[in-house]
There are 2 protein chains.
Amino acid sequence: MTQMQSVTYTSAKERDVTDLVLEDILTGVLPAGTWLKQIDLEKRYDCTRPEVRRALDRLSQKRLVEHVPNRGYHVYQPEGRRAQEISDIRVILETAVADLMVENATPESIARLRQLAQHFDRMTMEGTVLEHYEANLAFHRELLLLAGNTELVEVVSEIRQRTSSAPVSQWRTRARVERSAREHHMMIDALEARDVAGLKRLIEAHIRQTGDAAPTESAVRQA
Amino acid sequence: MTQMQSVTYTSAKERDVTDLVLEDILTGVLPAGTWLKQIDLEKRYDCTRPEVRRALDRLSQKRLVEHVPNRGYHVYQPEGRRAQEISDIRVILETAVADLMVENATPESIARLRQLAQHFDRMTMEGTVLEHYEANLAFHRELLLLAGNTELVEVVSEIRQRTSSAPVSQWRTRARVERSAREHHMMIDALEARDVAGLKRLIEAHIRQTGDAAPTESAVRQA
DNA sequence: GTTACCAAAATTGGCGCCAATTTAGGATAC
DNA sequence: GTATCCTAAATTGGCGCCAATTTTGGTAAC
(Lines give C-alpha, C1' and ligand atoms only; values in the text may rest on other atoms or scores of the structure.)
Protein backbone atom coordinates (compact mmCIF):
# COMPACT_ATOMS: atom_id res chain seq x y z
CA MET A 1 0.00 0.00 0.00
CA THR A 2 2.38 2.67 -1.16
CA GLN A 3 -0.61 5.05 -1.51
CA MET A 4 0.80 7.00 -4.36
CA GLN A 5 -1.83 6.49 -7.00
CA SER A 6 -4.20 9.25 -5.94
CA VAL A 7 -1.92 12.17 -6.78
CA THR A 8 -0.49 11.23 -10.14
CA TYR A 9 -1.45 14.16 -12.32
CA THR A 10 -0.10 13.18 -15.66
CA SER A 11 0.78 16.66 -16.84
CA ALA A 12 -2.06 19.15 -16.60
CA LYS A 13 -5.09 17.46 -18.06
CA GLU A 14 -5.86 15.14 -15.17
CA ARG A 15 -8.44 17.53 -13.68
CA ASP A 16 -12.09 17.45 -14.59
CA VAL A 17 -13.25 19.51 -17.54
CA THR A 18 -16.05 20.93 -15.42
CA ASP A 19 -13.53 22.65 -13.17
CA LEU A 20 -11.62 24.02 -16.16
CA VAL A 21 -14.74 25.62 -17.62
CA LEU A 22 -15.83 26.81 -14.18
CA GLU A 23 -12.51 28.54 -13.66
CA ASP A 24 -12.69 30.25 -17.03
CA ILE A 25 -16.16 31.53 -16.24
CA LEU A 26 -15.17 32.77 -12.79
CA THR A 27 -12.01 34.44 -13.99
CA GLY A 28 -13.84 36.16 -16.81
CA VAL A 29 -12.13 34.33 -19.66
CA LEU A 30 -15.60 33.28 -20.71
CA PRO A 31 -17.72 36.39 -20.10
CA ALA A 32 -21.42 36.35 -19.27
CA GLY A 33 -23.56 35.74 -22.32
CA THR A 34 -20.94 33.74 -24.24
CA TRP A 35 -22.33 30.81 -26.18
CA LEU A 36 -20.42 27.67 -25.26
CA LYS A 37 -20.21 25.65 -28.47
CA GLN A 38 -19.44 22.03 -27.82
CA ILE A 39 -16.90 21.76 -30.63
CA ASP A 40 -14.97 24.78 -29.40
CA LEU A 41 -14.79 23.44 -25.84
CA GLU A 42 -13.77 20.06 -27.20
CA LYS A 43 -10.75 21.59 -28.90
CA ARG A 44 -10.04 24.21 -26.23
CA TYR A 45 -9.74 21.70 -23.39
CA ASP A 46 -8.61 18.80 -25.55
CA CYS A 47 -11.34 16.44 -24.47
CA THR A 48 -14.14 14.35 -25.94
CA ARG A 49 -17.71 15.31 -26.74
CA PRO A 50 -19.32 13.39 -23.84
CA GLU A 51 -16.94 15.06 -21.40
CA VAL A 52 -17.96 18.48 -22.66
CA ARG A 53 -21.62 17.64 -22.39
CA ARG A 54 -21.27 16.32 -18.86
CA ALA A 55 -19.50 19.52 -17.84
CA LEU A 56 -22.18 21.70 -19.43
CA ASP A 57 -24.94 19.69 -17.79
CA ARG A 58 -23.31 20.02 -14.38
CA LEU A 59 -22.78 23.75 -14.77
CA SER A 60 -26.37 24.25 -15.84
CA GLN A 61 -27.47 22.35 -12.72
CA LYS A 62 -25.40 24.79 -10.70
CA ARG A 63 -27.12 27.61 -12.57
CA LEU A 64 -23.84 28.95 -13.91
CA VAL A 65 -24.78 28.43 -17.53
CA GLU A 66 -28.22 28.32 -19.08
CA HIS A 67 -29.38 25.58 -21.38
CA VAL A 68 -31.63 26.46 -24.30
CA PRO A 69 -32.87 23.24 -25.96
CA ASN A 70 -31.59 22.78 -29.49
CA ARG A 71 -29.73 26.07 -29.21
CA GLY A 72 -26.95 25.29 -26.80
CA TYR A 73 -25.50 26.57 -23.55
CA HIS A 74 -24.47 30.11 -22.69
CA VAL A 75 -22.87 31.68 -19.63
CA TYR A 76 -25.59 32.90 -17.33
CA GLN A 77 -26.16 36.60 -17.04
CA PRO A 78 -26.79 37.26 -13.36
CA GLU A 79 -29.31 40.07 -13.26
CA GLY A 80 -29.28 42.67 -10.54
CA ARG A 81 -32.21 41.27 -8.63
CA ARG A 82 -30.84 37.74 -8.36
CA ALA A 83 -27.41 39.00 -7.34
CA GLN A 84 -29.04 41.09 -4.63
CA GLU A 85 -31.00 38.11 -3.34
CA ILE A 86 -27.89 35.96 -3.23
CA SER A 87 -26.06 38.62 -1.26
CA ASP A 88 -28.96 38.75 1.19
CA ILE A 89 -28.75 34.99 1.73
CA ARG A 90 -25.01 35.14 2.30
CA VAL A 91 -25.42 37.95 4.82
CA ILE A 92 -28.05 35.96 6.71
CA LEU A 93 -25.98 32.79 6.84
CA GLU A 94 -22.57 34.26 7.57
CA THR A 95 -23.67 36.79 10.21
CA ALA A 96 -25.94 34.23 11.90
CA VAL A 97 -22.95 32.15 12.96
CA ALA A 98 -20.71 35.04 14.01
CA ASP A 99 -21.16 34.16 17.68
CA LEU A 100 -20.18 30.55 17.02
CA MET A 101 -17.08 31.70 15.15
CA VAL A 102 -16.00 33.87 18.07
CA GLU A 103 -16.77 31.05 20.47
CA ASN A 104 -14.68 28.48 18.60
CA ALA A 105 -11.79 30.74 17.64
CA THR A 106 -8.44 29.61 19.03
CA PRO A 107 -5.02 31.28 18.81
CA GLU A 108 -4.08 28.62 16.27
CA SER A 109 -7.09 29.25 14.03
CA ILE A 110 -6.53 33.00 14.22
CA ALA A 111 -2.91 32.52 13.19
CA ARG A 112 -4.06 30.39 10.28
CA LEU A 113 -6.52 33.08 9.22
CA ARG A 114 -3.85 35.78 9.36
CA GLN A 115 -1.69 33.62 7.13
CA LEU A 116 -4.53 33.22 4.62
CA ALA A 117 -5.30 36.96 4.70
CA GLN A 118 -1.64 37.69 4.01
CA HIS A 119 -1.66 35.17 1.21
CA PHE A 120 -4.58 37.06 -0.31
CA ASP A 121 -2.61 40.32 -0.02
CA ARG A 122 0.35 38.74 -1.78
CA MET A 123 -1.80 37.36 -4.60
CA THR A 124 -3.15 40.86 -5.22
CA MET A 125 0.24 41.79 -6.62
CA GLU A 126 1.95 38.60 -7.64
CA GLY A 127 -0.80 36.11 -8.39
CA THR A 128 -3.02 35.44 -11.36
CA VAL A 129 -6.69 36.31 -11.29
CA LEU A 130 -7.52 32.73 -10.47
CA GLU A 131 -5.00 32.45 -7.66
CA HIS A 132 -6.33 35.68 -6.23
CA TYR A 133 -9.89 34.44 -6.43
CA GLU A 134 -8.96 31.16 -4.77
CA ALA A 135 -7.02 32.89 -2.02
CA ASN A 136 -10.16 34.83 -1.20
CA LEU A 137 -12.20 31.64 -1.20
CA ALA A 138 -9.72 29.90 1.07
CA PHE A 139 -9.87 32.72 3.61
CA HIS A 140 -13.66 32.73 3.74
CA ARG A 141 -13.81 28.93 3.93
CA GLU A 142 -11.48 28.88 6.91
CA LEU A 143 -13.43 31.67 8.60
CA LEU A 144 -16.77 29.93 8.12
CA LEU A 145 -15.31 26.63 9.21
CA LEU A 146 -14.96 28.13 12.69
CA ALA A 147 -18.72 27.88 13.05
CA GLY A 148 -18.25 24.11 13.13
CA ASN A 149 -20.84 23.43 10.45
CA THR A 150 -19.10 21.86 7.45
CA GLU A 151 -22.32 21.64 5.51
CA LEU A 152 -22.74 25.41 5.86
CA VAL A 153 -19.32 25.93 4.31
CA GLU A 154 -20.40 23.89 1.30
CA VAL A 155 -23.72 25.70 0.90
CA VAL A 156 -22.09 29.12 1.01
CA SER A 157 -19.43 28.02 -1.48
CA GLU A 158 -22.15 26.88 -3.84
CA ILE A 159 -24.30 29.97 -3.70
CA ARG A 160 -21.24 32.19 -3.88
CA GLN A 161 -20.45 30.68 -7.29
CA ARG A 162 -23.85 31.74 -8.54
CA THR A 163 -22.78 35.35 -8.71
CA SER A 164 -20.16 34.03 -11.15
CA SER A 165 -18.70 36.85 -13.20
CA ALA A 166 -19.06 39.18 -10.24
CA PRO A 167 -15.51 38.72 -8.89
CA VAL A 168 -13.88 40.07 -11.99
CA SER A 169 -16.23 42.95 -12.50
CA GLN A 170 -16.33 43.87 -8.83
CA TRP A 171 -12.59 43.72 -8.39
CA ARG A 172 -11.66 45.74 -11.40
CA THR A 173 -10.62 48.70 -9.30
CA ARG A 174 -7.52 48.46 -7.16
CA ALA A 175 -9.21 50.49 -4.43
CA ARG A 176 -11.93 47.86 -4.12
CA VAL A 177 -9.43 45.02 -3.84
CA GLU A 178 -7.38 46.83 -1.26
CA ARG A 179 -10.42 47.51 0.88
CA SER A 180 -11.35 43.82 0.70
CA ALA A 181 -7.87 42.96 1.92
CA ARG A 182 -8.13 45.45 4.80
CA GLU A 183 -11.55 44.10 5.74
CA HIS A 184 -10.13 40.59 6.00
CA HIS A 185 -7.67 41.75 8.63
CA MET A 186 -10.34 43.75 10.43
CA MET A 187 -12.52 40.65 10.62
CA ILE A 188 -9.68 38.73 12.24
CA ASP A 189 -9.17 41.61 14.67
CA ALA A 190 -12.84 41.55 15.66
CA LEU A 191 -12.63 37.78 16.04
CA GLU A 192 -9.61 38.04 18.30
CA ALA A 193 -11.28 40.77 20.34
CA ARG A 194 -14.35 38.55 20.65
CA ASP A 195 -16.45 41.41 19.32
CA VAL A 196 -19.45 39.58 17.89
CA ALA A 197 -21.43 42.69 16.93
CA GLY A 198 -18.44 44.23 15.20
CA LEU A 199 -17.72 41.02 13.34
CA LYS A 200 -21.29 40.84 12.09
CA ARG A 201 -21.13 44.41 10.85
CA LEU A 202 -17.85 43.75 9.07
CA ILE A 203 -19.11 40.57 7.41
CA GLU A 204 -22.23 42.30 6.14
CA ALA A 205 -20.29 45.27 4.76
CA HIS A 206 -17.74 42.92 3.19
CA ILE A 207 -20.38 40.88 1.37
CA ARG A 208 -22.47 43.88 0.35
CA GLN A 209 -19.29 45.74 -0.62
CA THR A 210 -20.66 48.87 0.97
CA GLY A 211 -18.24 51.28 2.60
CA ASP A 212 -19.98 51.63 5.94
CA ALA A 213 -17.95 49.18 7.94
CA ALA A 214 -17.37 51.54 10.82
CA PRO A 215 -14.88 49.73 13.04
CA THR A 216 -15.98 49.16 16.61
CA GLU A 217 -13.86 50.23 19.55
CA SER A 218 -12.60 46.76 20.26
CA ALA A 219 -11.58 46.28 16.65
CA VAL A 220 -9.74 49.60 16.66
CA ARG A 221 -7.96 48.66 19.85
CA GLN A 222 -6.35 45.75 18.04
CA ALA A 223 -4.94 47.84 15.22
CA MET B 1 -55.97 32.03 -15.71
CA THR B 2 -57.21 28.52 -16.12
CA GLN B 3 -53.79 27.27 -14.99
CA MET B 4 -54.19 23.87 -16.51
CA GLN B 5 -51.39 23.69 -19.03
CA SER B 6 -48.62 22.84 -16.62
CA VAL B 7 -50.01 19.42 -15.81
CA THR B 8 -50.14 17.77 -19.20
CA TYR B 9 -48.38 14.52 -18.49
CA THR B 10 -48.72 12.62 -21.70
CA SER B 11 -48.92 9.23 -20.08
CA ALA B 12 -46.21 8.77 -17.48
CA LYS B 13 -42.87 8.94 -19.23
CA GLU B 14 -42.80 12.60 -20.28
CA ARG B 15 -40.92 13.72 -17.16
CA ASP B 16 -37.18 13.57 -16.69
CA VAL B 17 -35.69 10.37 -15.35
CA THR B 18 -33.80 12.36 -12.74
CA ASP B 19 -37.06 13.41 -11.13
CA LEU B 20 -38.37 9.86 -11.20
CA VAL B 21 -35.34 8.53 -9.35
CA LEU B 22 -35.39 11.51 -7.01
CA GLU B 23 -39.00 10.82 -6.10
CA ASP B 24 -38.30 7.18 -5.43
CA ILE B 25 -35.45 8.10 -3.14
CA LEU B 26 -37.48 10.72 -1.28
CA THR B 27 -40.50 8.47 -0.86
CA GLY B 28 -38.35 5.63 0.39
CA VAL B 29 -38.93 3.28 -2.53
CA LEU B 30 -35.16 3.27 -2.92
CA PRO B 31 -33.90 3.19 0.67
CA ALA B 32 -30.60 4.62 1.81
CA GLY B 33 -27.67 2.40 0.94
CA THR B 34 -29.29 0.81 -2.11
CA TRP B 35 -26.93 0.23 -5.02
CA LEU B 36 -28.40 1.77 -8.16
CA LYS B 37 -27.42 -0.59 -10.97
CA GLN B 38 -27.64 1.09 -14.34
CA ILE B 39 -29.29 -1.88 -16.03
CA ASP B 40 -31.99 -2.08 -13.39
CA LEU B 41 -32.83 1.62 -13.64
CA GLU B 42 -32.82 1.31 -17.42
CA LYS B 43 -35.54 -1.30 -17.26
CA ARG B 44 -37.36 0.16 -14.26
CA TYR B 45 -37.90 3.58 -15.84
CA ASP B 46 -37.90 2.33 -19.42
CA CYS B 47 -35.13 4.62 -20.62
CA THR B 48 -31.72 4.43 -22.26
CA ARG B 49 -28.31 4.03 -20.67
CA PRO B 50 -27.16 7.63 -21.22
CA GLU B 51 -30.33 8.92 -19.59
CA VAL B 52 -29.68 6.80 -16.53
CA ARG B 53 -26.11 7.99 -16.31
CA ARG B 54 -27.09 11.63 -16.62
CA ALA B 55 -29.63 11.21 -13.83
CA LEU B 56 -27.09 9.49 -11.58
CA ASP B 57 -24.50 12.18 -12.27
CA ARG B 58 -26.99 14.92 -11.42
CA LEU B 59 -28.08 13.23 -8.22
CA SER B 60 -24.48 12.73 -7.15
CA GLN B 61 -23.88 16.46 -7.75
CA LYS B 62 -26.84 17.13 -5.47
CA ARG B 63 -25.25 14.78 -2.93
CA LEU B 64 -28.26 12.50 -2.92
CA VAL B 65 -26.33 9.50 -4.18
CA GLU B 66 -22.67 8.70 -3.83
CA HIS B 67 -20.49 7.68 -6.73
CA VAL B 68 -17.79 5.08 -6.17
CA PRO B 69 -15.60 4.85 -9.30
CA ASN B 70 -15.84 1.49 -11.05
CA ARG B 71 -18.28 0.31 -8.41
CA GLY B 72 -21.38 2.31 -9.12
CA TYR B 73 -23.80 4.65 -7.41
CA HIS B 74 -25.66 4.10 -4.15
CA VAL B 75 -28.24 6.12 -2.24
CA TYR B 76 -26.47 8.35 0.23
CA GLN B 77 -26.70 7.47 3.89
CA PRO B 78 -27.25 10.76 5.67
CA GLU B 79 -25.43 10.46 8.97
CA GLY B 80 -26.67 12.14 12.09
CA ARG B 81 -24.12 14.91 12.06
CA ARG B 82 -24.84 16.05 8.52
CA ALA B 83 -28.58 15.94 9.09
CA GLN B 84 -28.12 18.07 12.20
CA GLU B 85 -26.04 20.60 10.30
CA ILE B 86 -28.62 20.85 7.53
CA SER B 87 -31.35 21.45 10.09
CA ASP B 88 -29.26 24.21 11.62
CA ILE B 89 -28.90 25.92 8.25
CA ARG B 90 -32.61 25.70 7.59
CA VAL B 91 -33.40 27.17 10.99
CA ILE B 92 -31.03 30.07 10.36
CA LEU B 93 -32.45 30.86 6.94
CA GLU B 94 -36.13 30.41 7.63
CA THR B 95 -36.23 32.21 10.98
CA ALA B 96 -34.05 35.05 9.67
CA VAL B 97 -36.77 36.16 7.28
CA ALA B 98 -39.70 35.75 9.68
CA ASP B 99 -40.05 39.51 10.02
CA LEU B 100 -40.16 39.92 6.25
CA MET B 101 -42.80 37.22 5.98
CA VAL B 102 -44.99 39.01 8.53
CA GLU B 103 -44.38 42.31 6.79
CA ASN B 104 -45.39 41.04 3.37
CA ALA B 105 -48.30 38.86 4.45
CA THR B 106 -51.64 39.90 2.95
CA PRO B 107 -55.13 38.50 3.58
CA GLU B 108 -54.87 36.85 0.16
CA SER B 109 -51.55 35.14 0.87
CA ILE B 110 -52.81 33.97 4.25
CA ALA B 111 -55.89 32.51 2.60
CA ARG B 112 -53.67 30.73 0.11
CA LEU B 113 -51.56 29.32 2.92
CA ARG B 114 -54.62 28.05 4.77
CA GLN B 115 -55.70 26.31 1.62
CA LEU B 116 -52.28 24.64 1.26
CA ALA B 117 -52.26 23.63 4.92
CA GLN B 118 -55.68 22.07 4.49
CA HIS B 119 -54.49 20.31 1.38
CA PHE B 120 -51.66 18.81 3.45
CA ASP B 121 -54.21 17.65 6.04
CA ARG B 122 -56.26 16.00 3.35
CA MET B 123 -53.27 14.24 1.84
CA THR B 124 -52.47 12.75 5.24
CA MET B 125 -55.48 10.53 4.82
CA GLU B 126 -56.23 10.31 1.14
CA GLY B 127 -52.97 10.96 -0.65
CA THR B 128 -49.98 8.84 -1.53
CA VAL B 129 -46.66 9.30 0.23
CA LEU B 130 -45.42 11.42 -2.64
CA GLU B 131 -48.51 13.63 -2.75
CA HIS B 132 -48.22 14.13 0.97
CA TYR B 133 -44.56 15.03 0.68
CA GLU B 134 -45.25 17.48 -2.13
CA ALA B 135 -48.14 19.08 -0.26
CA ASN B 136 -45.72 19.79 2.57
CA LEU B 137 -43.20 21.23 0.13
CA ALA B 138 -45.82 23.44 -1.49
CA PHE B 139 -46.86 24.88 1.87
CA HIS B 140 -43.30 25.71 2.88
CA ARG B 141 -42.52 27.17 -0.54
CA GLU B 142 -45.50 29.51 -0.34
CA LEU B 143 -44.59 30.51 3.20
CA LEU B 144 -40.98 31.27 2.32
CA LEU B 145 -42.04 33.10 -0.80
CA LEU B 146 -43.53 35.76 1.46
CA ALA B 147 -40.02 36.88 2.28
CA GLY B 148 -39.77 38.12 -1.30
CA ASN B 149 -36.51 36.34 -2.02
CA THR B 150 -37.10 33.76 -4.75
CA GLU B 151 -33.48 32.65 -4.67
CA LEU B 152 -33.88 31.79 -0.99
CA VAL B 153 -36.83 29.55 -1.82
CA GLU B 154 -34.63 27.66 -4.26
CA VAL B 155 -31.72 27.31 -1.86
CA VAL B 156 -33.94 25.97 0.91
CA SER B 157 -35.60 23.53 -1.48
CA GLU B 158 -32.20 22.24 -2.49
CA ILE B 159 -30.78 21.75 0.96
CA ARG B 160 -34.05 20.27 2.15
CA GLN B 161 -33.61 17.46 -0.37
CA ARG B 162 -30.27 16.60 1.15
CA THR B 163 -31.93 15.05 4.14
CA SER B 164 -33.46 12.65 1.59
CA SER B 165 -34.90 9.60 3.28
CA ALA B 166 -35.78 11.67 6.32
CA PRO B 167 -39.40 12.35 5.34
CA VAL B 168 -40.38 8.74 5.38
CA SER B 169 -38.55 7.80 8.52
CA GLN B 170 -39.59 10.92 10.39
CA TRP B 171 -43.20 10.68 9.41
CA ARG B 172 -43.66 7.02 10.20
CA THR B 173 -45.75 7.77 13.24
CA ARG B 174 -49.20 9.24 12.84
CA ALA B 175 -48.68 11.42 15.90
CA ARG B 176 -45.71 13.09 14.25
CA VAL B 177 -47.62 13.83 11.06
CA GLU B 178 -50.56 15.23 12.95
CA ARG B 179 -48.35 17.55 14.94
CA SER B 180 -46.75 18.78 11.71
CA ALA B 181 -50.21 19.54 10.37
CA ARG B 182 -51.15 21.42 13.53
CA GLU B 183 -47.92 23.38 13.43
CA HIS B 184 -48.69 24.51 9.90
CA HIS B 185 -51.91 26.11 11.07
CA MET B 186 -50.19 27.60 14.10
CA MET B 187 -47.62 29.22 11.84
CA ILE B 188 -50.37 30.83 9.80
CA ASP B 189 -52.02 32.01 13.02
CA ALA B 190 -48.77 33.64 14.15
CA LEU B 191 -48.39 35.20 10.74
CA GLU B 192 -51.89 36.64 10.84
CA ALA B 193 -51.33 37.96 14.37
CA ARG B 194 -48.07 39.56 13.17
CA ASP B 195 -46.28 37.75 15.97
CA VAL B 196 -42.71 37.60 14.65
CA ALA B 197 -41.16 36.06 17.77
CA GLY B 198 -43.83 33.38 17.95
CA LEU B 199 -43.45 32.59 14.27
CA LYS B 200 -39.71 32.17 14.66
CA ARG B 201 -40.20 29.80 17.57
CA LEU B 202 -42.73 27.76 15.63
CA ILE B 203 -40.53 27.52 12.55
CA GLU B 204 -37.56 26.34 14.58
CA ALA B 205 -39.59 23.74 16.45
CA HIS B 206 -41.16 22.57 13.19
CA ILE B 207 -37.82 22.07 11.49
CA ARG B 208 -36.14 20.52 14.50
CA GLN B 209 -39.23 18.40 15.15
CA THR B 210 -38.93 19.09 18.84
CA GLY B 211 -42.05 19.30 20.92
CA ASP B 212 -41.37 22.61 22.64
CA ALA B 213 -43.34 24.90 20.39
CA ALA B 214 -45.06 26.65 23.23
CA PRO B 215 -47.67 28.81 21.54
CA THR B 216 -47.48 32.51 22.27
CA GLU B 217 -50.46 34.44 23.54
CA SER B 218 -51.22 35.98 20.19
CA ALA B 219 -51.15 32.62 18.51
CA VAL B 220 -53.47 31.16 21.11
CA ARG B 221 -55.84 34.06 20.68
CA GLN B 222 -56.34 32.99 17.07
CA ALA B 223 -57.22 29.42 17.88
C1' DG C 1 -34.02 47.73 -52.96
C1' DT C 2 -36.24 44.83 -49.88
C1' DT C 3 -38.43 40.75 -48.38
C1' DA C 4 -39.49 36.01 -48.34
C1' DC C 5 -38.32 31.48 -49.17
C1' DC C 6 -35.35 27.66 -49.88
C1' DA C 7 -31.19 24.97 -49.40
C1' DA C 8 -26.84 23.80 -47.40
C1' DA C 9 -23.81 23.91 -43.57
C1' DA C 10 -23.23 23.61 -38.79
C1' DT C 11 -24.52 22.32 -34.26
C1' DT C 12 -26.96 19.86 -30.92
C1' DG C 13 -28.36 15.58 -28.83
C1' DG C 14 -29.73 10.66 -28.69
C1' DC C 15 -28.10 5.97 -28.83
C1' DG C 16 -25.36 1.77 -28.89
C1' DC C 17 -21.13 -0.67 -28.87
C1' DC C 18 -16.84 -2.24 -26.85
C1' DA C 19 -12.89 -2.01 -23.65
C1' DA C 20 -11.54 -1.96 -18.65
C1' DT C 21 -12.43 -3.09 -14.12
C1' DT C 22 -14.60 -5.60 -10.60
C1' DT C 23 -16.98 -9.46 -8.44
C1' DA C 24 -18.40 -14.03 -7.73
C1' DG C 25 -17.92 -18.85 -8.21
C1' DG C 26 -15.43 -22.94 -8.76
C1' DA C 27 -11.47 -25.76 -8.79
C1' DT C 28 -7.19 -27.09 -6.95
C1' DA C 29 -3.63 -27.36 -3.63
C1' DC C 30 -2.33 -27.59 1.10
C1' DG D 1 -12.07 -28.88 5.31
C1' DT D 2 -10.33 -24.48 4.25
C1' DA D 3 -7.85 -21.05 1.85
C1' DT D 4 -6.08 -19.22 -2.36
C1' DC D 5 -5.85 -18.55 -7.07
C1' DC D 6 -7.77 -18.44 -11.53
C1' DT D 7 -11.39 -17.96 -14.75
C1' DA D 8 -15.88 -16.26 -16.34
C1' DA D 9 -19.81 -13.37 -15.92
C1' DA D 10 -21.50 -8.91 -15.01
C1' DT D 11 -21.20 -4.08 -14.57
C1' DT D 12 -19.26 0.28 -15.28
C1' DG D 13 -17.70 3.91 -18.29
C1' DG D 14 -15.50 5.95 -22.42
C1' DC D 15 -16.11 7.08 -27.21
C1' DG D 16 -17.94 7.92 -31.84
C1' DC D 17 -21.50 7.93 -35.16
C1' DC D 18 -25.80 9.55 -37.13
C1' DA D 19 -30.40 11.73 -37.04
C1' DA D 20 -33.00 16.04 -35.91
C1' DT D 21 -33.16 20.79 -35.48
C1' DT D 22 -31.54 25.32 -36.16
C1' DT D 23 -29.06 28.93 -38.45
C1' DT D 24 -27.12 31.27 -42.15
C1' DG D 25 -26.33 32.62 -46.76
C1' DG D 26 -27.92 33.01 -51.30
C1' DT D 27 -31.37 33.57 -54.74
C1' DA D 28 -35.48 34.93 -56.74
C1' DA D 29 -39.63 37.43 -56.82
C1' DC D 30 -42.21 41.52 -55.89
Side-chain angles (χ1 to χ4, degrees), chain A residues 1-22 24-25 29-77 164, chain B residues 8-22 24-25 29-77:
Chain A
M1 264 271 263
T2 41
Q3 181 69 333
M4 189 78 104
Q5 82 291 9
S6 63
V7 269
T8 53
Y9 11 128
T10 320
S11 59
K13 169 99 190 292
E14 195 63 13
R15 286 168 45 202
D16 190 7
V17 193
T18 314
D19 292 333
L20 274 323
V21 182
L22 178 62
D24 283 346
I25 291 175
V29 177
L30 298 171
T34 313
W35 282 95
L36 302 169
K37 292 182 185 167
Q38 298 181 5
I39 289 194
D40 292 345
L41 300 183
E42 211 172 324
K43 286 187 284 189
R44 187 177 221 283
Y45 302 106
D46 185 37
C47 57
T48 63
R49 178 64 59 95
E51 280 179 304
V52 169
R53 286 176 52 188
R54 183 158 49 111
L56 289 171
D57 186 65
R58 284 183 179 176
L59 292 171
S60 67
Q61 292 297 308
K62 286 186 181 176
R63 311 265 296 271
L64 266 145
V65 304
E66 192 180 7
H67 176 52
V68 186
N70 290 321
R71 293 280 299 276
Y73 299 78
H74 65 92
V75 182
Y76 206 87
Q77 191 82 271
S164 60
Chain B
T8 53
Y9 10 127
T10 317
S11 58
K13 173 99 189 295
E14 193 66 13
R15 288 166 44 200
D16 190 6
V17 192
T18 314
D19 292 332
L20 274 322
V21 182
L22 178 62
D24 283 346
I25 291 174
V29 177
L30 298 170
T34 313
W35 282 95
L36 302 168
K37 291 182 187 167
Q38 298 181 4
I39 289 194
D40 292 345
L41 300 183
E42 213 171 323
K43 287 187 284 189
R44 186 176 222 283
Y45 302 105
D46 185 38
C47 56
T48 64
R49 178 64 61 96
E51 280 180 304
V52 169
R53 285 174 58 182
R54 183 159 49 110
L56 289 171
D57 186 67
R58 284 182 179 177
L59 292 172
S60 68
Q61 293 294 308
K62 286 186 180 174
R63 312 264 298 272
L64 266 144
V65 304
E66 192 180 8
H67 175 52
V68 185
N70 291 320
R71 294 279 301 275
Y73 299 79
H74 65 92
V75 181
Y76 205 87
Q77 191 80 271

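Note on naming: letters A, B, ... go to the chains in the order of the sequence lines (proteins, then strands), and numbering restarts at 1 for each one.
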Rounded to whole Å, CH2 of Trp35(A) lies from P of dT24(D) at a distance of 11 Å
Show me the donor-acceptor pairs, under 3.5 Å and distance only, between side chains in residues 33-41 of chain B and residues at least two apart or in other chains.
from     : atom 1 : to       : atom 2 : distance (Å)
Thr34(B) : OG1    : Pro31(B) : O      : 2.5
Gln38(B) : OE1    : Arg49(B) : NH1    : 3.4

Closer than 4.0 Å, any side-chain N/O of Thr48(A) to the OP1 or OP2 of dG14(D)? no
Per-nucleotide protein contact string for nucleotides 8-13 of chain D (B base, S sugar-phosphate only, - none; heavy atom under 4.0 Å): ---SBB
Considering all heavy atoms, the nearest Ile25(A)-Val75(A) contact: CG2-CG1, 3.9 Å
Taking all atoms of both residues into account, what is the closest heavy-atom pair of Tyr73(A) and Asp57(A), and its distance? CE2-N, 4.4 Å
Minimum heavy-atom distance Glu66(B)-Tyr76(B), with the two atoms named: CB-CD1, 3.7 Å
Knowing that exactly one of Leu20(A), Asp16(A), Val17(A) qualifies, which makes a side chain to side chain contact (heavy atoms under 4.5 Å, CB included) with Cys47(A)? Val17(A)
